[in-house]
Asks: 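First the structure, which I've put down as structure tokens, then a few questions once you've had a look.
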Amino acid sequence: MAAIAATGGLLFGFDTGVISGAIPFMQADLNITDNEIENITTFALIGAMIGALVSGALSDRFGRRTVILVAALIFLVGALWCGIAPDVTHLMLARIFLGIGIGIASFSTPLYIAEISPARIRGTLVSMFQLLITVGLLGAFLSDSAIADNTNNSCWRTMFYVGVVPAIILLVGMLILPESPRWLLSKQREDEARKIMCKYEDPAVIETEVESMKRDLQEASNQMSLAETFKSRWMFYPMMLAVLIMFFQQAVGINTVIYYGPSIFQKAGFADSEAAVMAQVSVGVVNVIFTIVSLFLIDKLGRRKLFFLGMIGMVVTLLMIAFCFTNLDTMGDTGRYGIVCSMLGYIAFFAVSMGPLGWLIITEVFPIRVRGVGSSIGSVANWTFNSLIVWTFFKMITSFTNHFNGNESYGTAGVFCVFALVAMAGIVWGYLYLPETRGKKLEDIEAHWKKGGHPKDL
Ligand code: BGC
């Protein structure tokens, strides 16, 4: 059941990543500018923000299964619409539409998985979700590179069509799967809930599970409203932590590499679109491998150590990218390959730290009564900062390039220096404020905020 539902995670990764390989061909085919590319890429993120905002209320009202079914339909239609889009305007509309599916999946899938998992393995199944996003990204890079064809500029359309396949798997799979028992309980449909639980839960624990779900639902019905959350002084630290961890996760520039990787390779001098799209596969592979590494490290090393390891590594590799760009003329091939290697190092440091940390911290720092509101503030912050960075990347390159008398390599280096500066600021912020939540009970974290404790003293 979790495997089918997790296809939602795969699609989230696939549909955010597929654009990277499509861009070089789309630009040649439709004759579009870097700024239009930024719009097409960003519109999906804005759609995702809308999807994430509405899916909490929708999945409470209509049920998790129905909402994921709708997301699967959106993925299906969105993939076809992107593929047949005749011009930039259609592409932007299609991407907003597809983005809504991504936003819904990013919220409802982990929720559904958590609610249909046996208690024993719930944590593992839920954390697999982040891994599946990276597998989806890799799937998109692989499929893009298999389709990329220098002799056929319209090959980008096929890249989008491929998204139809996982969408159909999700759609058919979800038609077979049952509704979440927890949601059924919240609608007083207890008999149906028990019947479904019999299919996956040990019969000996069903009674205790039903009781504990009822208790949880009782707690959840006392949820603090958004207004109350903002008014409570002791909510300042959890809120600041959730928003700023997502700010730093995005503002170190991760998605410029994930979405625009092939375009960056082209700026580094790999003129051939096909080769640039193929190089992006290595970004996807490193991302998956180091996400797996982080699953092992996160509870061993703790959050703070992993944070500093990742951020320091990112500062160094970002400065290396900038160095290679500034010396491209003199370094030639060494510079070009230096950029690829530094980018892979940068991805590895991100995947092992900030990738999973961002999503983990937002589930840990909020008291139970605001966990729902809190996580959605975190994910909306994530999509907002993501959109801002992705929407301004080429604009920043252009303005730095103008500043350096038209030297685009210097311009690109300048932007990576800005990301390195942000990462340095992140290190200072983390040193002052990032709490060590490893092994802490969520109730103890809540009590710490209530008595006015500082995050670092947790
Ligand atoms: C981030 C995404 C990013 C992905 C890369 C996630 O944690 O939130 O924005 O694309 O990691 O693996």
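When a ligand or atom number is given, it counts from 1 through the structure's own listing order. Excluded from the calculations below are hydrogen atoms, water molecules and symmetry mates; all remaining heavy atoms, backbone and side chain alike, are included.
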Asks: Give every donor-acceptor pair under 3.5 Å between a side-chain atom in residues 346-361 and any protein atom, sequence neighbours left out.
Replies:
from: Y346; atom 1: OH; to: V252; atom 2: O; distance (Å): 2.7
from: Y346; atom 1: OH; to: I254; atom 2: N; distance (Å): 3.0
from: S353; atom 1: OG; to: F349; atom 2: O; distance (Å): 2.7

Asks: Which label fits F270 and F265: parallel for a plane angle under 30°, tilted from 30 to 60°, or perpendicular past 60°?
Replies: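 Geometry flag for F265 against F270: perpendicular rings.
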
Asks: What residues come within 4.0 Å of ligand 1, counting heavy atoms only?
Replies: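 Contacting ligand 1 under 4.0 Å are Q130, T134, L137, Q249, Q250, N255, N287, F350, G355, W359, N382, N386.
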
Asks: Does F290 have any ring-ring contact (aromatic ring centres under 6.0 Å, His included) partners at least two apart in sequence or in another chain, and if so, which?
Replies: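 Testing F290 for ring-ring contact (aromatic ring centres under 6.0 Å, His included), a comparison that skips the adjacent residues, returns none.
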
Asks: Atom CZ of F236 and atom CH2 of W449: how far apart are they, to the nearest 0.5 Å?
Replies: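 Result: 11.0 Å between the selected atoms.
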
Asks: Can you say whether the rings of Y431 and F308 are parallel (under 30°), tilted (30 to 60°) or perpendicular (over 60°)?
Replies: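 It falls in the tilted class, 30° to 60°.
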
Asks: Output a table of donor-acceptor pairs, distance under 3.5 Å, between side-chain atoms of residues 279-289 and any protein atom two or more places apart or on a different chain; print 'none' if there are none.
Replies:
from: Q280; atom 1: NE2; to: V257; atom 2: O; distance (Å): 3.2
from: Q280; atom 1: NE2; to: I258; atom 2: O; distance (Å): 3.0
from: S282; atom 1: OG; to: A279; atom 2: O; distance (Å): 2.4

